[in-house]
Amino acid sequence: MNEINLHVGKQIRMYRKARHMTLQELADLIHKSRASISKYENGEISLDIETLYEIAQILEVSPGQLMNFQPPVTRPMENHTSGLRLSPFFQARRMYFYFYDGRYRRLKDGIIDIREAEQTPGSYEATLSISAVTPTGRTSEIFYTGKVVYSDMLIRFSFVNQCNALEEDLLYIFNPLEFRDSTDGLLCGISSADLMPCAFRCLVTLTPREHTEELKNQLLITKKELQQWQKLNMLLVDNRGL
């Protein structure tokens with residue numbers, strides 16, 4: 001399949017779901033069949049310019065937001081330590097994101113996609129989609145867009161909810177020096193459910209993880225950590241590397 005078609009289709013799906021719109025609803029609005037919309041989103045067929053602009057108008061985005069395809073790029077590397085190999089988290093263009101929301105007793109997951117910024121070469125942008133697993137399946141996904149800043153020790157993501165500009169979240173993850181598949185982090189921001197500041201321990205991986213009890217336990221806060229936080233009067237997440 002054409003990479004551009006796949007990218008445009010993915011963008012259409014992301015913004016459609018962000019507006020809680022079904023395939024059929026979008027199809028009805030542009031006078032196309034549901035099957036055609038599905039093929040657009042799966043990258044099976046190319047959109048003509050008129051249809052692309054029409055979809056962008058309905059989804060309340062610019063056509064450029066649907067066509068912002070960037071071919072794979074190699075990130076420049078600066079070795080600050082002699083002989084230090086480049087962290088795979090620095091190179092990754094896709095990461096998988098997990099945290100446990102105790103309010104709803106649900107394990108939530110997400111996908112982070114990273115690309116080089118169009119207007120500012122050498123800087124990076126990212127999208128984050130978060131979903132929740134329930135006994136009956138997944139809930140509606142929430143979509144964020146933002147920026148990425150890299151350092152030797154940490155990677156920082158700043159995300160804004162595409163349906164609620166008030167909700168801006170910061171995600172900090174450790175940039176492990178050793179080569180491993182997962183790293184710990186902290187997600188902090190405004191809860192969209194109750195509009196209160198909140199923070200979650202999270203796990204970011206390079207490959208998808210199954211939703212197991214072991215993964216859930218890895219994301220839970222321990223009694224030892226609570227005692228440490230109470231002593232410091234500060235919520236602190238270390239790089240356990242589990």
Side-chain angles (χ1 to χ4, degrees), residues 1-70 94-99 101 103-104 106-115 117-118 125-134 136-148 157-171 187 189-196 198 200:
M1 291 183 190
N2 186 297
E3 284 188 74
I4 298 177
N5 287 350
L6 286 170
H7 177 80
V8 172
K10 179 183 173 183
Q11 294 296 100
I12 292 172
R13 182 186 294 113
M14 180 181 75
Y15 288 113
R16 174 179 63 78
K17 287 187 175 183
R19 282 152 182 76
H20 307 288
M21 186 182 294
T22 65
L23 282 168
Q24 190 61 59
E25 288 171 339
L26 179 55
D28 291 342
L29 288 170
I30 66 169
H31 308 292
K32 300 278 187 181
S33 68
R34 183 183 183 279
S36 293
I37 301 300
S38 179
K39 288 180 179 179
Y40 290 150
E41 291 191 355
N42 291 327
E44 296 176 25
I45 55 177
S46 300
L47 284 88
D48 58 84
I49 295 298
E50 184 178 351
T51 303
L52 181 69
Y53 272 73
E54 193 173 1
I55 290 175
Q57 186 175 26
I58 289 168
L59 297 179
E60 299 179 1
V61 297
S62 69
Q65 287 174 273
L66 301 180
M67 299 186 295
N68 58 352
F69 174 75
Q70 286 288 312
R94 168 165 284 192
M95 302 179 191
Y96 300 88
F97 168 80
Y98 303 89
F99 70 98
D101 192 336
R103 297 169 301 179
Y104 307 106
R106 292 177 186 168
L107 186 65
K108 296 185 177 180
D109 63 16
I111 295 176
I112 301 171
D113 284 316
I114 302 166
R115 63 177 182 272
E118 290 183 27
E125 299 174 342
T127 59
L128 167 66
S129 61
I130 296 180
S131 59
V133 175
T134 69
T136 57
R138 293 180 181 273
T139 64
S140 298
E141 293 178 296
I142 305 174
F143 293 93
Y144 302 79
T145 61
K147 298 181 179 180
V148 194
F157 299 86
S158 55
F159 290 113
V160 177
N161 187 326
Q162 290 300 283
C163 293
N164 180 5
L166 177 64
E167 187 186 346
E168 182 174 5
D169 297 330
L170 292 177
L171 169 62
L187 174 71
I190 301 293
S191 163
S192 56
D194 43 31
L195 294 181
M196 295 177 65
C198 64
F200 295 95

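Computed over heavy atoms, backbone and side chain alike; hydrogens, waters and symmetry mates excluded.
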Hey, mind stepping through Ile111 and Phe97 against side-chain contact (heavy atoms from CB on, under 4.5 Å) and telling me if it holds? CA-CA 6 Å; Ile111 295 176; Phe97 168 80; over 6 Å; no

Closest heavy-atom pair, Val148 versus Ala126, reported as atoms and distance to 0.1 Å, is CG2-CB, 3.6 Å

All heavy atoms of Arg94 vs all of Lys10, minimum pair found to be NH2-NZ, 3.0 Å

*asked:* If only side-chain N and O atoms count, and only distance matters, is there a donor-acceptor pair under 3.5 Å linking Gln162 with Thr145?
replied: yes

- Can you check salt bridge (charged side-chain N to carboxylate O under 4.0 Å, His left out) on Glu125 and Arg115, steps first, answer last? CA-CA 5 Å; Glu125 299 174 342; Arg115 63 177 182 272; 3.4 Å; yes

Stepwise side-chain contact (heavy atoms from CB on, under 4.5 Å) check, Glu41 with Leu23
CA-CA 10 Å; Glu41 291 191 355; Leu23 282 168; 3.6 Å; yes

CG of Asp109 to OG of Ser129, rounded to nearest 0.5 Å, is 8.0 Å

Scanning both residues in full, the closest heavy-atom pair of Gly189 with Asp169 reads CA-OD1, 3.3 Å

Looking only at heavy atoms, the pair that brings Ser36 and Ile45 closest together is O-CD1, 4.2 Å

Let me check something: any side-chain donor-acceptor pairs from residues 48-55 under 3.5 Å, sequence neighbours excluded? List them with distances.
{"residue": "Asp48", "atom": "OD1", "partner": "Glu50", "partner atom": "N", "Å": "3.2"}
{"residue": "Asp48", "atom": "OD1", "partner": "Thr51", "partner atom": "N", "Å": "2.8"}
{"residue": "Asp48", "atom": "OD1", "partner": "Thr51", "partner atom": "OG1", "Å": "3.0"}
{"residue": "Asp48", "atom": "OD2", "partner": "Thr51", "partner atom": "OG1", "Å": "2.8"}

Item to check | Within-4.5 Å side-chain heavy-atom neighbours: Ile130 and Phe143 | outcome: no

Discussion item. Go through it in stages, so that I can follow the logic: the residues are Ile114 and Met95, the test is side-chain contact (heavy atoms from CB on, under 4.5 Å), and I'd like the CA-CA distance, side-chain angles, deciding distance and then a yes or no.
Written reply: CA-CA 8 Å; Ile114 302 166; Met95 302 179 191; 3.8 Å; yes

Exactly one of Phe200, Tyr144, Phe157 clears side-chain contact (heavy atoms from CB on, under 4.5 Å) with Leu171, and that residue is Phe157

Show the numbers, then the answer: is there a side-chain contact (heavy atoms from CB on, under 4.5 Å) between Gln24 and Ile37? CA-CA 8 Å; Gln24 190 61 59; Ile37 301 300; over 6 Å; no

Scanning both residues in full, the closest heavy-atom pair of Ser158 with Leu170 reads CB-CD2, 3.6 Å

| said: Looking at Glu25, I'd like to know if its CD atom is crowded, meaning that more than 12 non-hydrogen atoms belonging to other residues, nucleotides or ligands lie closer than 6.0 Å. | reply: yes

Which of His20, Arg13, Met14 passes side-chain contact (heavy atoms from CB on, under 4.5 Å) with Lys17? It is Arg13

Side chain Gln65, main chain Ser62, donor-acceptor under 3.5 Å
yes

To the nearest 0.5 Å, atom CD1 of Ile58 lies from atom CD1 of Ile12 at 10.5 Å

When rounded to the nearest 0.5 Å, the distance separating CG of Leu59 from CG of Leu26 is 6.0 Å

Take Tyr98 and Tyr96, measure what ring-ring contact (aromatic ring centres under 6.0 Å, His included) needs, and give me the verdict at the end. CA-CA 7 Å; Tyr98 303 89; Tyr96 300 88; 7.3 Å; no

Nearest heavy-atom contact between Met21 and Arg16 is O-NH1, 2.8 Å

So CD of Glu44 and CG of Leu6: to nearest 0.5 Å the spacing works out to 9.5 Å

